[in-house]
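Proteins come first, then strands; the chains are lettered A, B, ... in the order of their sequence lines, and each starts at number 1. The analysis underlying the following values was restricted to heavy atoms, covering all of them including side chains, and did not include hydrogens, waters or symmetry mates. Computed from a predicted structure; not experimentally measured.
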Amino acid sequence: MAPKRTRASTRAAKSYDTASNSDDNSDEVVVRKPVRGKRTAPASDRSETKAKTEPPSRPLYSHWLMKSEPESRVENGIDVKFGIEDLKALPNQSGCWDGVRNYQARNFMRDMKEGHLAFFYHSNCKEPGIAGVMEIVKEAYVDHTQFDKKDVHFDASSKPDNPKWSMVDVQYQRMLQRFIPLSELKKYHLQHSAKGGPLKNMALFTRARLSVQPLTSEEFDFVLDLENKESI
DNA sequence: GCCAACGTTGGC
DNA sequence: GCCAACGTTGGC
C-alpha cells in the first residue's frame, strides 16, 4: 500500500512556509491508526495546542493538483514510475502519496481533508497534463519512506521522534473523459492572463515546480469542464 | 540573515 | 539532453 509519486526531494528547511516545519510535525506524530481518516485523535490535546500556536493563516483550499510521473525513470536504482493507471491498479484503487520532499507541497498536503478532490497530473513525460480525478481519503500522517534507507526519498536528516515529511492517502475516482494536456491549459492560462479568466493565476504556471498545488474551485471547475469540450 | 553556489524540477 | 526557474544549503 504505497505508491510513490514524483520526486521532489531535497531536504532541510528555511523559507516562508518552512516555519511550520518543526512544530507542525507533532501534529502528525500521532500513533498512526490503521486506515481511514478519522481525526478525532484520542490524543485530544494536539489540535488545541496546535491551533493556538499556529492557526492556519493561509487560505483554505479544497481542490488540488498532484503530480506524478507515469513513465519509467530510474532514480537511485529505483523506478519512480507512478501514473494514474498504477493508482487504479492498487487494492481499493488507493494508496499513500509518499515521497514529497518539499515544504510547500507538504504543507498543502497537511491542509487536505477527507473528501477533497485532486487532479492526477502526469509530469515529466511525453504528454504532460491532467489524466483524472482522485479523492483524498486519509488526511496527513507520517510518511514512513523518509526513514527507509532503501527508499528513493530517504531523508537522513529526519528523525522518527520528529518526522519532517507527511503524506495523505488518495483514491482513484475517475479518468477525465479526455486527457487535458498541459499545452491546452497553458493556452487558457495565457488567454486568461491577458483578458481575465479563471486560469490566470493557476499554480501550474505561477508556481510550476510545486508537486502538490492548490486550485480554487473556479479553477477546478473550469478544468473539469474542459473534458466535455473540444480541445483547443 | 544575506546571498552565491548548488541541486532539482520538469517542459521542451 | 538541455537548461531556465527556483528552492535549499551553508559560509560569512
Whole-Å distance separating the [atom1] atom of [X] from the [atom2] atom of [N]:
{"X": "A:N76", "N": "B:dT8", "atom1": "CG", "atom2": "C1'", "result": "13 Å"}
{"X": "A:L190", "N": "B:dG11", "atom1": "CG", "atom2": "C1'", "result": "14 Å"}
{"X": "A:W165", "N": "C:dT8", "atom1": "CH2", "atom2": "P", "result": "7 Å"}
{"X": "A:L210", "N": "C:dT8", "atom1": "CG", "atom2": "P", "result": "10 Å"}
{"X": "A:Q213", "N": "C:dA5", "atom1": "CD", "atom2": "C1'", "result": "14 Å"}
{"X": "A:E69", "N": "B:dT8", "atom1": "CD", "atom2": "P", "result": "13 Å"}
{"X": "A:N102", "N": "C:dT9", "atom1": "CG", "atom2": "C1'", "result": "15 Å"}
{"X": "A:R106", "N": "C:dG7", "atom1": "CZ", "atom2": "C1'", "result": "14 Å"}

Given [options], identify the nucleotide with an atom nearest to the side chain of [X].
{"X": "A:P128", "options": "B:dG11, C:dT8, B:dG7", "value": "B:dG11"}
{"X": "A:S211", "options": "C:dG7, B:dG11, B:dG10", "value": "B:dG10"}
{"X": "A:S123", "options": "B:dT8, B:dC12, B:dG10", "value": "B:dG10"}

Side chains of A:I136 and A:K113: does their closest heavy-atom pair fall under 4.5 Å? no
Can you confirm whether A:D111 sits close enough to A:W64 that some side-chain heavy atom of one is under 4.5 Å from a side-chain heavy atom of the other? yes
B:dG11, OP1 or OP2 - any side-chain N/O from A:Y121 closer than 4.0 Å? yes
Looking at A:K67, I'd like to know whether one of its side-chain N or O atoms comes within less than 4.0 Å of OP1 or OP2 on B:dG10. yes
Charged N-O contact under 4.0 Å between A:K229 and A:E184: no
Over 60° means perpendicular and under 30° means parallel, so classify the ring planes of A:W97 and A:F82, tilted if in between. perpendicular
